[in-house]
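Here is the structure we will look at.
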2 protein chains.
Amino acid sequence: MDRVDIKRLAEKLNLSTSTVSRAFRGNSDINPETKARILSMAKEFNYQPNHYASNLREKKSKTIAIIVPELANNFFSQAIHGIERVARDKGYHTLIYVTDDEYQKEVAFIDKLYNGRVDGIIMSASGEANDHQYLNRLGNKHIPLVFFDRVYDDINVPKVTTDDYESSFAATRHLIEVGCKKIAFLVVNKSLSIGNVRMQGYHDALKDAGIPYNTHLVIDCSNDYDENFDILSKALNEQHPDGILASVERLAISSYYVCHNLGIRIPDDIKIVSFSSLEIASLLNPALSTITQPAFDLGTNAAELLFRALESDAPVNDHLVLSSKLIPRTSSTGVKTHIGGKG
Amino acid sequence: MDRVDIKRLAEKLNLSTSTVSRAFRGNSDINPETKARILSMAKEFNYQPNHYASNLREKKSKTIAIIVPELANNFFSQAIHGIERVARDKGYHTLIYVTDDEYQKEVAFIDKLYNGRVDGIIMSASGEANDHQYLNRLGNKHIPLVFFDRVYDDINVPKVTTDDYESSFAATRHLIEVGCKKIAFLVVNKSLSIGNVRMQGYHDALKDAGIPYNTHLVIDCSNDYDENFDILSKALNEQHPDGILASVERLAISSYYVCHNLGIRIPDDIKIVSFSSLEIASLLNPALSTITQPAFDLGTNAAELLFRALESDAPVNDHLVLSSKLIPRTSSTGVKTHIGGKG
DNA sequence: TTGTATGCGTTATCAA
DNA sequence: TTGATAACGCATACAA
């Protein structure tokens with residue numbers, strides 16, 4: 001009752017191991033009757049082929065890895081959900097690795113995955129946007145890699161992103177249209193792919209509207225809530241912006257806390273728009289205007305690209321760009337939208 | 001440059017494969033110099049021992065599985081984060097499986113894991129609270145299992161939960177203290193472990209206060225947002241409760257939407273308290289009173305129990321109970337709390 | 001300290 | 001249609 005393997009089954013059935021093995025593989029020729037006998041016995045003893053032995057033999061792990069900067073984050077948990085859904089449908093297992101936004105951990109994870117541990121990798125990058133030739137070694141090992149959202153531009157692999165530049169441009173223009181003259185841009189790291197592109201959209205929208213670009217209004221934040229609270233308090237006190245474009249959700253949250261704390265009224269004194277996957281943005285006080293990325297779809301698309309690469313010999317190198325949605329709410333419009341519908 | 005294995009390294013170094021193998025294992029005797037030579041050559045060729053071959057040989061996968069009902073949920077993503085953190089520190093890999101709250105998927109995942117795919121499993125259950133003897137087969141295979149939050153009472157394995165009964169009791173009493181006379185209890189499935197226990201706390205607190213228990217005030221909801229919107233709209237219209245205790249976060253969110261939609265004012269017309277891991281509960285409109293579970297800690301504790309079981313021969317059977325925190329906010333107190341601090 | 005030989009559980013090739 | 005055998009890459013018992 002302890003360990004059941006193909007050998008034990010074979011003994012019990014007076015068959016060879018090869019015949020038993022055949023019962024579990026779709027293709028090979030085998031007498032339907034003996035196959036049935038084997039399967040029923042397998043069921044009785046709750047036999048499952050040893051995954052590691054199969055992998056070693058077949059050099060396929062039926063496993064993919066997801067590497068993300070963080071987990072407790074609406075965007076990533078939705079994206080992972082999408083990936084997991086596709087992987088499961090394909091009969092694949094999903095390993096998950098969290099870098100805590102530390103580039104070295106990303107490198108360490110990748111290094112460990114060189115050994116055939118996984119058939120493919122889906123990653124949202126933690127490092128800056130350049131110089132990652134080490135990743136090309138994955139290609140040498142024939143382990144496909146797909147990026148989503150946060151990408152390395154110098155790596156030539158399939159990518160799924162959103163129209164960050166356009167969204168950022170549109171959000172900035174929206175803030176200008178509702179009367180903002182001094183719009184701050186909150187960013188975690190300008191060298192990151194998304195930080196960079198989103199800032200460009202902000203920059204160009206200002207230029208387009210004839211508003212001078214002021215570097216003091218680009219606020220460099222961190223990933224730490226406490227630090228951001230201080231950074232933003234200082235920035236709001238010194239610069240007195242009348243609009244905020246937050247390049248990631250967490251910075252909008254911090255802005256809310258800081259404004260509540262300093263008695264700055266949203267949207268009367270300052271209007272806020274943020275990139276955010278928060279499903280309950282409309283329930284915030286005030287309802288937060290968002291640029292909402294299709295996180296789940298990003299995940300499913302990334303997974304599908306990976307499986308295309310896995311299933312075909314031809315190299316897949318698509319760069320898919322999905323559209324985000326700008327949803328103006330009270331925090332920028334001042335209009336108390338009726339929260340109708342079902343959420 | 002393609003495939004590097006222990007044999008290739010051995011050839012290049014004029015050594016035997018066993019010597020090369022030894023260089024990567026901590027214990028075995030080996031000349032420090034040759035070890036250094038091997039390691040440097042390994043680094044140059046970017047060699048990583050084949051995980052599947054090692055596993056097959058050692059019958060240890062250095063991998064654990066997490067099975068959860070859903071992913072895009074603050075509670076579970078925080079808990080998973082905790083588990084992943086501990087696993088990574090121990091040098092373990094983490095597989096993730098999402099059941100979408102479907103019991104059959106849970107069974108299917110477990111079945112697949114019988115084959116030695118993982119060394120241990122951490123699970124939050126999707127099924128009802130009884131009759132899961134099939135899980136005991138895992139024990140026969142010496143694959144330890146640890147439950148967190150949603151448990152099966154009839155399975156004798158380590159568990160980590162929160163003080164749900166006490167929290168529910170305290171939250172109900174809180175609602176009574178702020179003047180509620182007709183408190184509705186929102187639950188997804190009374191047969192689930194947590195639904196059951198939380199309802200008991202609610203029930204007993206009413207009894208304790210001399211308020212008659214009314215089955216019409218126990219609202220059976222689903223996992224679907226649209227359905228819940230209809231169920232709750234109907235319930236609020238027919239029963240006119242003046243208080244709500246939501247047993248899971250999602251039901252509080254739906255309640256907010258329904259109240260906004262029906263023009264029911266929170267907290268003037270109805271007061272709300274909810275089990276919730278939402279970090280920005282204080283930014284909602286109105287700020288939501290919560291029973292906040294230590295989700296991350298639940299994860300780390302569950303992982304630590306699993307590793308204890310993995311590392312010792314003695315069976316581990318602890319049931320750890322962590323404390324949740326009742327945080328009254330505007331939605332139940334009516335007091336517009338100053339959102340100070342840093343969030 | 002190093003090398004030889006064997007087996008982990010599976011599947012593929014070949015022969016029967 | 002079935003069986004014997006070798007090999008996947010690694011780690012250990014044992015011999016040298």
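So that the names make sense, note that chain A is the first sequence line, chain B the second, and so on, each numbered from 1. Source: prediction; values computed, not measured.
Side chain of B/D154 to backbone of B/H132: a donor-acceptor contact under 3.5 angstrom is found. Between the side chain of B/S124 and the backbone N or O of B/F148 there is at least one donor-acceptor pair closer than 3.5 Å. Side-chain atoms of B/S193 come within 3.5 Å of backbone N or O of B/V151 as a donor-acceptor pair.
Nucleotide D/dT1 holds its C1' atom 11 Å from the CD1 atom of A/I38, rounded to whole Å. Spacing between atom NZ of B/K60 and atom P of D/dT12 amounts to 13 Å, rounded to whole angstrom units. Rounding to whole angstrom units, CD of residue A/E33 and C1' of D/dT2 are separated by 14 Å. Across the protein-nucleic acid pair, B/L13 atom CG and C/dT2 atom P stand 12 Å apart, rounded to whole Å. Rounded to an integer number of Å, the gap from CG of A/D29 to C1' of C/dA15 is 15 Å. Summarising the geometry, the separation between CG on A/N31 and C1' on D/dG3 is reported as 15 Å, rounded to the nearest angstrom. One interatomic measurement links the two molecules: CZ of A/R37 to C1' of D/dT1, which rounds to 13 Å at whole-angstrom precision. B/E11 has its CD atom 17 Å from the C1' atom of C/dT2, to the nearest Å.
In this structure, a donor-acceptor pair under 3.5 Å is absent between the side chains of B/Q78 and B/S277. No side-chain donor from either of A/S77 and B/S77 sits under 3.5 Å from a side-chain acceptor of the other. Between the side chains of A/D119 and A/S61, at least one donor N or O lies within less than 3.5 Å of an accepting N or O. Using a 3.5 Å distance cut-off with no hydrogens or angles, the side chains of A/R57 and A/S21 do not pair a donor with an acceptor.
Side chain of B/L15, nearest nucleotide from C/dT2, D/dA11, C/dT11: C/dT2. Looking at the side chain of A/I30, the nearest of the listed nucleotides D/dT5, C/dT2, D/dT2 is D/dT2.
Look at A/T19 and you'll find a side-chain N or O under 4.0 angstrom from OP1 or OP2 of D/dG3. Within the structure, a side-chain polar atom (N or O) of B/R25 is placed less than 4.0 Å from OP1 or OP2 of D/dT12. Between A/S21 and C/dT11, a side-chain N or O to OP1/OP2 separation shorter than 4.0 Å is present. Between A/T34 and D/dT2 there is a side-chain polar atom (N or O) within less than 4.0 angstrom of OP1 or OP2.
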N/O contacts under 3.5 Å, protein versus nucleotides 6-9 of chain D?
unit_1 : atom_1 : unit_2 : atom_2 : d
D/dA7  : N3     : A/R57  : NH1    : 3.2
D/dC8  : O3'    : A/K59  : NZ     : 3.3
D/dG9  : OP1    : A/K59  : NZ     : 2.5
D/dG9  : N2     : B/A53  : O      : 3.3

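Position along DNA chain C of the nearest nucleotide to A/F24 versus B/S16 favours B/S16 as the more 5'-ward residue. Heavy-atom distances to DNA chain C give each of B/S18 and A/H51 a nearest nucleotide, and the one nearer the 5′ end belongs to B/S18.
A salt bridge links A/K90 with A/E311: the distance from a Lys NZ or Arg NE/NH1/NH2 to an Asp or Glu carboxylate oxygen falls below 4.0 Å.
Donor-acceptor pairing under 3.5 Å, judged by distance alone, is absent between the side chain of A/R8 and the base of C/dG9.
Comparing the helix axis at one end of the helix from C/dT1-D/dA16 to C/dA16-D/dT1 with that at the other, each defined from 5 consecutive pairs, gives an inter-axis angle of 40° (nearest 10°).
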Salt bridge (charged side-chain N to carboxylate O under 4.0 Å, His left out) between A/R25 and A/E58: does it pass, once the steps are laid out?
CA-CA 12 Å; A/R25 329 242 61 234; A/E58 299 187 47; 3.6 Å; yes
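By the 6.0 Å contact criterion, CD on A/E33 is open, its count of non-hydrogen atoms from other residues, nucleotides or ligands being 12 or less.
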